[in-house]
**Student:** 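Questions regarding the structure given below will be posed in turn.
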Amino acid sequence: QVQLEESGGRLVQAGVSLRLSCAASGRTFAGYAMAWFRQAPGKEREFVASVSWNSRLTSVADSVKGRFTISRDNAKNTVYLQMNSLKPEDTAVYYCAQGRSGWETDATYNYEYWGQGTQVTVSS
């Protein structure tokens, strides 16, 4: 079993930066891809970004490209999402997820374990 715990979400004004963290426990963290997804009210969960087990590969959704960066620290069993220039449309619950292998992209079925989510609200 894997436990994922997100933190860092809060209410912020448009234009500021925020960093989300996701701490993992359970099976070996370093061997699996990690990702962030988000879900806004009334919308489906959508892919935000993913990082491979060794950080050599990353993928970022077009909607956040150039503003969001995903990274991981395998020594700390933690994955991060740096969010810059936040917009009201970034408002959502952000979930971290652990993949089924060392590299995954954007499909939710590629991710086996999910956190409970952290709320990010961006006011205009």
**Student:** Could you go through the ring pair (Phe, Tyr, Trp, His ring centres under 6.0 Å) check for Tyr113 and Tyr32 one step at a time?
**Tutor:** CA-CA 11 Å; Tyr113 295 101; Tyr32 297 89; 8.5 Å; no
**Student:** Is the backbone of Gly115 close enough, under 3.5 Å, to the side chain of Glu5 for a donor and an acceptor to pair up by distance?
**Tutor:**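 Looks like no, no N/O pair under 3.5 Å.
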**Student:** What pair of heavy atoms forms the shortest contact from Val122 to Lys87, and how long is it?
**Tutor:**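 Smallest heavy-atom distance, with atoms named: CB-O, 3.3 Å.
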**Student:** Is there a donor-acceptor pair closer than 3.5 Å between any side-chain N or O of Thr28 and the backbone N or O of Ala30?
**Tutor:**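 Here the side-chain-to-backbone pair does not exist.
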**Student:** Restricting to side-chain hydrogen bond (donor to acceptor under 3.5 Å, both in side chains), what partner residues turn up for Thr121, sequence neighbours left out?
**Tutor:**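 For Thr121, the residues satisfying side-chain hydrogen bond (donor to acceptor under 3.5 Å, both in side chains) (neighbours in sequence not counted) are Gln119.
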**Student:** I need the minimum non-hydrogen distance between Thr78 and Ala23, along with the two atoms involved.
**Tutor:**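 That would be OG1-CA, 4.2 Å.
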**Student:** Any non-hydrogen side-chain atom of Arg38 less than 4.5 Å from a side-chain atom of Val120?
**Tutor:**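 No, their side chains stay 4.5 Å or more apart.
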**Student:** Residues in side-chain hydrogen bond (donor to acceptor under 3.5 Å, both in side chains) with Ser52, at least two apart?
**Tutor:**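 Once residues adjacent in sequence are excluded, the partners of Ser52 under the side-chain hydrogen bond (donor to acceptor under 3.5 Å, both in side chains) criterion are Asn54.
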**Student:** Do side-chain atoms of Ser50 reach the backbone of Glu104 as a donor and acceptor pair under 3.5 angstrom?
**Tutor:**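 Answer holds: yes.
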**Student:** Mind jotting down which residue pairs meet the salt bridge (charged side-chain N to carboxylate O under 4.0 Å, His left out) criterion with at least one end in residues 50-61? Sequence neighbours excluded, please.
**Tutor:**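 As it turns out, there is no salt bridge (charged side-chain N to carboxylate O under 4.0 Å, His left out) pair with a partner in residues 50-61 once direct neighbours are skipped.
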**Student:** Test of understanding: clusters of I, L, V, M, F, W, Y form through side-chain heavy atoms closer than 4.5 Å, transitively. Do Leu18 and Tyr94 belong to the same one?
**Tutor:**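 Same hydrophobic cluster.
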**Student:** Relative to each other, are the rings of Tyr95 and Trp114 parallel, tilted or perpendicular (30° and 60° limits)?
**Tutor:**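 Aromatic pair Tyr95/Trp114 classed perpendicular.
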